[in-house]
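Have a look at the structure below before the remarks.
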Amino acid sequence: MPEGKELYMLQLRRMMLIRRFDETVQTMVQSAELVGMAHVYIGEEAVAVGACTALRDDDYITGNHRSHGHPISKGGDVRRAMAELLGKATGYCKGKGGSMHLADFDIGILGESGILASALPVAVGAALGSKMQNNDRVVVSFFGDGASNQGACHEAMNLASVWKLPVIFLCENNQYAVTTSYRDTVAVENIADRAVAYDMPGVLVDGQDVMAVYEATVQAVQRARDGGGPTLLEARTYRYEDHSEGLNRILREPYRTEEEVARWKERDPIKLHSAWLIEQEVATQEEIEAVRNDVRQAIEDALEFARQSPYPEPEDLFTDLYSDPLPAR
Amino acid sequence: MPEGKELYMLQLRRMMLIRRFDETVQTMVQSAELVGMAHVYIGEEAVAVGACTALRDDDYITGNHRSHGHPISKGGDVRRAMAELLGKATGYCKGKGGSMHLADFDIGILGESGILASALPVAVGAALGSKMQNNDRVVVSFFGDGASNQGACHEAMNLASVWKLPVIFLCENNQYAVTTSYRDTVAVENIADRAVAYDMPGVLVDGQDVMAVYEATVQAVQRARDGGGPTLLEARTYRYEDHSEGLNRILREPYRTEEEVARWKERDPIKLHSAWLIEQEVATQEEIEAVRNDVRQAIEDALEFARQSPYPEPEDLFTDLYSDPLPAR
Amino acid sequence: MTEMTYSDALNLAIKEEMRRDDKVFLMGESIRGGIYGVTGGLSQEFDDRVIDTPLSEAGFMGAAVGAAAVGMRPIVTSLASFAYVAMDQLISQAAKMRYMFGGQVSLPIVYRWGMIYGNNVAAHHADRPYPLFMGIPGLKIAIPASPADARGLLKTAIRDNDPVMFFEDNNLAGWRGEVPDDDVCVPFGQASVIREGTDVTVVSIAGSVRPTITVAEEMEADGVSVEVIDPRTIVPLDTKTILDSVEKTGRLVIVDPAHQSCSVASEISSIVAQEGFWSLQAPIQRVTSLDVHFPFSPALEHLVYPNEDKIADAINAALE
Amino acid sequence: MTEMTYSDALNLAIKEEMRRDDKVFLMGESIRGGIYGVTGGLSQEFDDRVIDTPLSEAGFMGAAVGAAAVGMRPIVTSLASFAYVAMDQLISQAAKMRYMFGGQVSLPIVYRWGMIYGNNVAAHHADRPYPLFMGIPGLKIAIPASPADARGLLKTAIRDNDPVMFFEDNNLAGWRGEVPDDDVCVPFGQASVIREGTDVTVVSIAGSVRPTITVAEEMEADGVSVEVIDPRTIVPLDTKTILDSVEKTGRLVIVDPAHQSCSVASEISSIVAQEGFWSLQAPIQRVTSLDVHFPFSPALEHLVYPNEDKIADAINAALE
Ligand SMILES: Cc1ncc(C[n+]2csc(CCOP(=O)(O)OP(=O)(O)O)c2C)c(N)n1
Ligand SMILES: Cc1ncc(C[n+]2csc(CCOP(=O)(O)OP(=O)(O)O)c2C)c(N)n1
Ligand SMILES: [Mg+2]
Ligand SMILES: [Mg+2]
């Protein structure tokens with residue numbers, strides 16, 4: 001596990017990777033190079049990066065439709081991720097999943113689910129599997145403020161608690177579900193307060209501060225590894241962009257103010273972390289710029305790789321449906 | 001709304017009606033006169049009676065598989081209920097529902113659901129309908145400790161709270177779901193504590209004391225009618241009998257002790273209420289016995305009615321499926 | 001007649017019915033903003049009858065049942081792929097309640113389900129579960145394939161006293177067509193014979209109707225006379241129109257964008273193989289989505305769906 | 001060979017496989033006590049591998065997916081009618097995960113579903129949703145109809161690396177039959193020809209196999225030679241055995257206790273009407289449950305299901 005400067009620079013790098021990846025996605029959607037739906041993570045990078053840098057490689061995560069930040073935070077390969085977004089055979093899922101369904105089982109990325117809260121029970125099951133196999137792997141399950149109202153959350157949290165499973169439920173409260181404010185749909189002030197209903201710790205954390213998320217996750221991970229059971233973390237954050245790329249074009253009513261967006265952008269997670277690095281004399285402005293350039297290059301490489309990669313062949317259509325192909329009818 | 005002696009005697013009468021109804025059901029199952037599954041409410045009578053005597057006739061209730069106590073408490077007709085249990089055309093549902101699916105929409109009994117927690121969203125919808133139609137009807141939704149772990153509970157409670165709907169969620173915590181103790185499946189000590197997660201009052205009440213349940217419900221109803229929104233009540237109670245009639249025969253392990261059962265029977269709701277009536281000088285022993293005899297007669301009548309009633313005819317099979325029969329294919 | 005898109009026709013039907021009956025109301029996620037392209041703008045006229053819900057499909061789809069049971073007429077909006085999280089409410093409550101309680105209650109509910117395809121949304125957003133619901137008694141199921149039917153069937157659905165599953169094909173959203181100016185409700189259980197023909201019957205539903213018409217027109221030029229039938233509702237299903245047509249043509253192709261196994265195509269085929277067998281002069285051909293999940297990749301996705309080539313091949317096979 | 005009941009054969013299969021592989025474990029509601037009559041007693045031998053769950057089907061059926069993804073082999077037990085509350089986990093996760101993620105993960109899960117009927121349990125406890133799952137790619141579906149197949153198919157299911165929907169007909173629970181003494185796994189996708197015959201093919205599944213055999217035996221006495229086929233698994237489906245049989249007999253009856261619309265009977269009919277059409281000498285007959293919910297009343301319930309009379313009538317119709 002990285003510590004000190006190595007850790008802080010890794011956090012910076014991964015946040016920048018996500019930002020650059022998703023900015024690239026935005027231009028690709030605009031130019032129609034990228035088809036399907038894309039939900040960018042811009043503004044929320046500190047959440048997944050703070051959480052995943054507190055994990056070991058063999059720990060697990062699950063995620064949702066807003067799906068690029070989680071795997072990149074866990075150390076996923078941006079080349080295979082970008083190839084997947086273009087539907088290429090070299091992509092993480094050989095083109096079968098696309099933007100909403102990245103996964104890398106080799107490094108514990110158990111997949112992003114397009115159905116809200118649907119991955120929470122899966123995360124609980126992975127934790128159950130860890131416990132039954134007596135390894136000390138933990139699971140972080142990312143979900144949104146909107147998804148927190150799904151029944152699956154309730155069942156998953158209760159199960160994890162009664163069975164004392166090593167799960168961290170990480171609610172990314174970016175305050176909206178598409179156009180709907182969580183204040184109109186979540187009956188409590190803080191989603192973290194719902195932890196009481198499951199006799200587990202509930203912690204509200206500043207989702208723009210990567211170190212805050214990291215610290216909270218470290219504690220939750222410790223508790224989970226020690227057999228103490230699950231934790232509910234709520235990271236208060238903000239989505240700068242459209243719910244999904246291009247959606248604002250069809251919306252008939254504004255649902256938030258320009259000022260609100262601007263106010264949140266002031267607390268940009270990358271800016272905040274960069275400033276902290278400099279203030280703490282961990283890194284110089286030059287080092288930070290070097291990371292930025294490096295990341296830019298990595299995303300360009302990824303895009304190049306994705307573009308050069310072949311599409312799957314028509315005969316790949318049925319592969320991967322079953323572990324052994326069914327007898328042809 | 002009845003008050004004073006009228007109320008207390010009504011409560012006594014309804015508890016006795018349920019007890020006698022369900023004792024009769026037990027013998028009918030033993031003699032194989034009654035087919036299908038039957039879940040008796042013996043020992044828990046104070047819960048539904050306490051709650052429903054706090055309601056108006058035009059208020060609503062929904063219930064579950066343990067299904068005879070709720071409708072009788074709401075003033076349902078034991079003749080039509082008994083006829084339904086025998087699958088007769090004169091039954092509440094013309095024989096189509098049976099034991100687990102009693103309903104009487106004329107007096108707000110919106111039906112018992114055999115799928116656990118499945119009726120909670122329906123109850124929320126009835127409350128939404130009341131609110132949208134500007135009448136002040138409230139809804140009580142009965143569910144078990146086991147059912148409290150279903151996702152539908154979470155969604156229903158959150159919806160009711162954010163929309164400030166007139167619903168009372170009444171958890172009948174009889175401490176077991178079939179053979180499984182709620183202590184092994186519910187992560188919190190008191191289910192009522194989950195109210196915190198929905199910013200509503202959560203009240204734990206003695207489920208063997210009909211007046212305690214009544215008082216708690218009166219308060220919750222008042223709040224609901226005044227636009228204050230939902231309440232979660234947990235009534236701690238106990239099921240004296242098998243989970244469903246005859247089930248113990250196939251169980252391979254005991255799940256509770258004889259002593260525990262005996263201890264709970266000491267706090268029998270009918271005995272407690274009878275004692276209180278005498279102690280408070282509301283009624284004499286003779287009056288109480290008169291009610292008992294009356295009730296015995298009513299159930300005998302009901303059974304006679306049910307036995308004499310005709311079965312539905314084969315041509316009734318498709319009626320009631322749609323409001324207008326589909327064109328024959 | 002006024003020309004408008006399929007989406008606008010749906011919007012119009014809702015607006016008209018909400019004006020006619022103040023018990024009609026809308027529920028769904030971010031529908032005031034209009035994320036699915038149909039409901040936007042309605043909240044201006046019917047503020048408190050257009051409700052943005054929490055993301056709790058089981059909760060609000062079940063709440064529709066309760067609201068309907070006490071006198072309201074809810075219209076609930078979602079995507080077809082999200083039906084699974086609310087499946088118990090849809091089946092155990094909406095579909096079963098009336099029968100189970102001996103007809104004591106009517107449930108006038110419309111569940112509107114958007115179906116996306118051809119848009120690279122991958123396996124979690126592309127389902128077409130109407131065959132699944134066809135196997136559940138107690139529901140009615142409408143699947144309009146033109147702007148006029150979209151408006152006319154939705155109006156009928158809203159006035160119907162039973163739960164209606166209303167499947168909308170997002171691929172048709174922008175399709176423009178003539179819609180009658182007066183208050184026309186399209187009755188349930190009456191198939192539309194879109195084109196008359198004598199050589200082969202093609203029964204086609206939802207998003208496959210348009211390519212079927214194109215193929216039929218092209219084949220006409222080659223001297224093949226194709227009868228195209230859109231059942232419009234699959235419960236009730238107008239089997240008479242289909243059987244009569246097969247009696248005339250002796251040949252049947254069924255095009256259904258759902259997965260093949262246990263599809264509506266399978267059901268219609270089995271009805272004809274039982275009741276219209278003696279009319280048949282050739283094997284019944286089904287053109288459906290292949291039995292595989294919808295892959296994301298633009299290189300793969302289009303292989304799964306029925307398309308003009310597959311429809312033409314099936315017609316030719318039926319004519320052999 | 002040892003004679004035992006269908007339930008005991010299931011219990012035996014689970015016990016044998018749990019002994020063989022310590023990754024196999026059981027989850028369900030009150031299964032340690034054995035409420036469904038199969039799992040009772042297993043907790044004595046495999047204490048920490050027999051887990052009583054909270055009443056949270058979406059939760060624990062989804063947890064099975066996660067556990068399988070990290071190396072366990074869960075067996076989950078419930079009733080078929082409770083599948084709806086967990087439908088999203090079953091479809092969006094169990095069925096879709098492997099494909100959606102490009103084959104990165106295998107999910108060796110068995111979902112065991114009890115199906116009750118003929119026992120007056122009414123509409124909330126009597127569903128037979130296997131046709132619904134047949135329309136969902138990515139699942140395998142087994143439906144044993146004898147003690148030997150119960151054990152043999154369940155063993156195969158437990159060793160299979162994909163999610164298997166395993167439907168058990170509670171009506172057969174007490175049926176005794178011979179079960180092989182050695183470690184026999186019944187392969188998926190191989191129909192069982194229970195009786196050979198030359199006049200008519202009857203494909204029958206689940207609880208309808210027994211009455212079909214009875215009818216076939218009775219008809220034999222009248223000089224009618226009935227071939228009875230039990231597909232045993234519907235995904236994969238052994239269409240070859242069915243088509244070969246129809247080629248021989250020219251006549252087909254399909255008996256399926258599920259509701260008629262979009263049933264397995266419909267699917268098999270449509271396969272034969274497409275691929276075996278030229279063999280057919282008569283309409284294909286389906287005998288299924290009527291398209292109505294299961295009523296409670298003893299006076300009504302039996303009218304809904306396939307029974308010996310209906311099967312005999314259908315065979316006679318096919319022979320006309
Ligand atoms: C079960 C389900 N219902 C609805 C949707 C459609 N949908 C996709 S994202 C979204 C909003 C999600 O909000 P939130 O959980 O807060 O996540 P965020 O997008 O804000 O990151 C909705 C309604 C879905 N994918 N799944
Ligand atoms: C969704 C669902 N899962 C499982 C069952 C089977 N079942 C019927 S009653 C019951 C136990 C219910 O326990 P609880 O909610 O505490 O009610 P109680 O029987 O104790 O009154 C179970 C598991 C069901 N009916 N519905
Ligand atoms: Mg959000
Ligand atoms: Mg209980």
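Just the heavy atoms: all of them, side chains too, but no hydrogens, waters or symmetry mates, feed the values below. These numbers were taken from a predicted model, which means no experiment stands behind them.
D:Q104 and A:A103 get closest at one heavy-atom pair: NE2-O, 3.0 Å. Contact detail for A:L110 and D:M97: the closest heavy-atom pair is O-CE, 4.3 Å.
Once rounded to the nearest 0.5 Å, the distance linking CG of A:L326 with CG of D:D162 reads 8.0 Å. Between the CZ atom of D:R98 and the CG atom of A:D320 there is a distance of 6.0 Å, given to the nearest 0.5 Å.
Between chain A and the residues D:L107, D:N161, D:L243, the most heavy-atom pairs under 4.5 angstrom are made by D:N161. Interface check for chain A: of the options D:M72, D:K96, D:M100, D:K140, the most heavy-atom pairs under 4.5 Å are formed by D:M100. Per-residue heavy-atom pair counts under 4.5 Å with chain D were compared for A:S130, A:A126, A:G129, and the maximum is reached by A:A126. Ranked by heavy-atom pairs under 4.5 Å with chain D, the list A:C153, A:A156, A:S118 is led by A:S118. Residue with the most contacts toward chain D among A:I115, A:L102, A:V124: A:I115 (heavy-atom pairs, distance under 4.5 Å). Looking only at heavy-atom pairs under 4.5 Å with chain D, the residue among A:M132, A:K131, A:E112, A:K94 that has the most is A:M132.
Interface remark: D:F60 contributes backbone and side-chain atoms alike to the contact with chain A (heavy atom separation under 4.5 Å). Residue contact with chain D, scored on non-hydrogen atoms closer than 4.5 Å, is absent for A:I109. Contacts between A:T62 and chain D at a heavy-atom distance below 4.5 Å are absent for every atom of the residue. Interface residue A:N158: only side-chain heavy atoms are found under 4.5 Å from chain D. Contacts between D:M61 and chain A at a heavy-atom distance below 4.5 Å are absent for every atom of the residue. Neither the backbone nor the side chain of D:V85 comes within contact range of chain A; no heavy atom of the residue lies under 4.5 Å from a heavy atom of that chain. For chain A, no part of D:K240 is nearby; none of its heavy atoms comes within less than 4.5 Å.
Of all residues spanning residues 41-51 of chain D, those with a heavy atom less than 4.5 Å away from chain A's heavy atoms are D:D48, D:R49, D:I51, arranged by number.
Panel note: side chain D:Q93, backbone A:S113; no donor-acceptor pair is recorded below 3.5 Å. No donor-acceptor distance shorter than 3.5 angstrom exists from the side chain of A:Y322 to the backbone of D:Y99, with no hydrogens or angles considered. No side-chain donor-acceptor contact under 3.5 Å links A:E155 to the backbone of D:G62.
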Apply side-chain contact (heavy atoms from CB on, under 4.5 Å) to residues D:F101 and A:K96 and explain how you reach the verdict.
CA-CA 7 Å; D:F101 297 147; A:K96 282 170 175 141; over 6 Å; no

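Taking 4.5 Å as the limit, some side-chain heavy atom of A:L128 sits within range of a side-chain heavy atom of D:M27.
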